[in-house]
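Written below as structure tokens is the structure these notes are about.
Please read these numbers as outputs of a predicted model, since none were measured by experiment.
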Amino acid sequence: MFGELMRWSPAEELSNWHRDIDDLFGRFFQHPDSENSTFSNWTPRVETSRKDNEYVLRVDLPGVDPKDVHVEAEGNVLSITGERKSEEKGSEYRETFYGKFERRFTLPQGVDAGKISAHYEHGVLELRVPLPAQLAGRKIPIQLGQKEEKRKLESKVA
């Protein structure tokens with residue numbers, strides 16, 4: 001009679017709140033219509049994870065030509081720069097930001113920049129950063145039983 005009941009989801013509310021705050025700040029600090037802006041017009045979303053002995057960074061770059069994306073490692077800083085170009089001029093309404101972007105990440109000491117790989121597919125840039133040996137982790141063997149007996153034997157000898 002009054003329509004369908006909708007299930008309330010706190011996680012969805014937080015997600016909506018986060019998006020609303022981003023939009024609010026975007027309206028004040030970013031100008032999607034100014035093509036000659038000296039600051040970044042948008043910031044691509046990034047997801048990081050650790051798989052085996054690598055850090056994996058996935059950067060969402062929908063609508064960005066891979067030729068307009070540049071990845072550079074200098075010292076222990078990994079930089080991703082590029083530009084999303086608008087094909088439409090004078091749009092009446094726009095929620096999509098266009099222009100230049102830059103993301104920087106601090107790499108752990110000892111990363112070999114020559115072994116970082118980048119792959120671009122379906123608007124997602126995936127970077128794989130091999131971890132240095134000292135950060136790769138190692139398995140620690142677990143000894144079973146008789147710890148107390150060893151301690152007692154050592155104390156008798158001493």
Side-chain angles (χ1 to χ4, degrees), residues 4 6-144:
E4 289 186 42
M6 292 179 57
R7 178 178 249 172
W8 180 68
S9 169
E12 187 176 334
E13 288 296 321
L14 284 173
S15 176
N16 290 340
W17 176 78
H18 182 268
R19 187 173 41 253
D20 291 343
I21 294 295
D22 284 348
D23 290 343
L24 177 68
F25 278 96
R27 286 187 206 120
F28 283 106
F29 298 113
Q30 297 178 351
H31 306 286
D33 294 328
S34 74
E35 295 179 17
N36 297 324
S37 177
T38 57
F39 54 88
S40 175
N41 285 342
W42 68 290
T43 303
R45 305 286 185 189
V46 174
E47 173 182 82
T48 63
S49 60
R50 185 172 170 170
K51 292 183 182 174
D52 300 321
N53 294 329
E54 295 180 315
Y55 279 126
V56 179
L57 288 92
R58 294 174 49 88
V59 185
D60 287 340
L61 299 172
V64 177
D65 187 334
K67 294 177 219 151
D68 295 328
V69 178
H70 307 283
V71 179
E72 182 178 311
E74 186 175 332
N76 67 335
V77 177
L78 179 68
S79 300
I80 305 165
T81 58
E83 182 175 7
R84 179 164 51 192
K85 298 175 182 173
S86 173
E87 295 177 13
E88 298 287 326
K89 298 293 181 192
S91 300
E92 288 184 26
Y93 179 75
R94 182 186 304 181
E95 289 185 358
T96 304
F97 290 105
Y98 295 93
K100 296 180 180 183
F101 64 87
E102 180 176 21
R103 295 295 307 258
R104 291 176 174 240
F105 302 92
T106 302
L107 299 172
Q109 294 295 327
V111 167
D112 183 357
K115 293 184 179 178
I116 297 173
S117 64
H119 179 74
Y120 189 93
E121 185 174 356
H122 302 297
V124 177
L125 173 66
E126 182 178 276
L127 299 165
R128 292 188 167 267
V129 181
L131 292 172
Q134 66 267 24
L135 295 178
R138 67 176 186 92
K139 290 191 175 190
I140 300 172
I142 300 173
Q143 296 179 3
L144 299 176

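By the salt bridge (charged side-chain N to carboxylate O under 4.0 Å, His left out) test, D68 pairs with K85, sequence neighbours left out. K115 is linked by a salt bridge (charged side-chain N to carboxylate O under 4.0 Å, His left out) to nothing, counting only residues two or more places apart in sequence or in another chain. Shown here are the side chain to side chain contact (heavy atoms under 4.5 Å, CB included) partners of T106, two or more places apart in sequence or in another chain: N76. In this structure, the side chain to side chain contact (heavy atoms under 4.5 Å, CB included) partners of R104, at least two apart in sequence or on a different chain, are V77, S79, E102.
The stretch residues 116-127 participates, sequence neighbours left out, in these side chain to side chain donor-acceptor pair (under 3.5 Å) pairs: R58-E126, H119-E121, E126-R128.
Counting all heavy atoms, side chain and backbone alike, Y98 lies closest to W42 at C-CD1, 4.0 Å. Scanning both residues, Q109 and P132, for their nearest heavy atoms gives O-CG, 3.4 Å.
Between L78 and L127, some side-chain heavy-atom pair lies under the 4.5 Å cut-off. Residues F101 and I80 have side chains in contact (heavy-atom distance under 4.5 Å, counting atoms from C-beta outward). Two residues are said to be in side-chain contact when any heavy atoms from C-beta on lie closer than 4.5 Å; K51 and S49 meet this criterion. Side-chain contact between Y55 and V111 is absent, with no heavy atoms from C-beta onward closer than 4.5 Å. Side-chain contact between R84 and T96 is present, with heavy atoms from C-beta onward closer than 4.5 Å. Taking 4.5 Å as the limit, some side-chain heavy atom of R103 sits within range of a side-chain heavy atom of T43.
A donor-acceptor contact shorter than 3.5 Å links the side chain of D65 to the backbone of K67.
Taking CG from D60 and CZ from R45, the interatomic distance works out to 9.0 Å, rounded to the nearest 0.5 Å. With values rounded to the nearest 0.5 angstrom, L57 atom CG is found 9.0 Å from I116 atom CD1. Between the CG atom in L107 and the CG atom in D112 there is a gap of 11.0 Å [rounded to 0.5 Å].
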Is there a side-chain contact (heavy atoms from CB on, under 4.5 Å) between D52 and L131? Walk through the geometry before answering. CA-CA 9 Å; D52 300 321; L131 292 172; over 6 Å; no
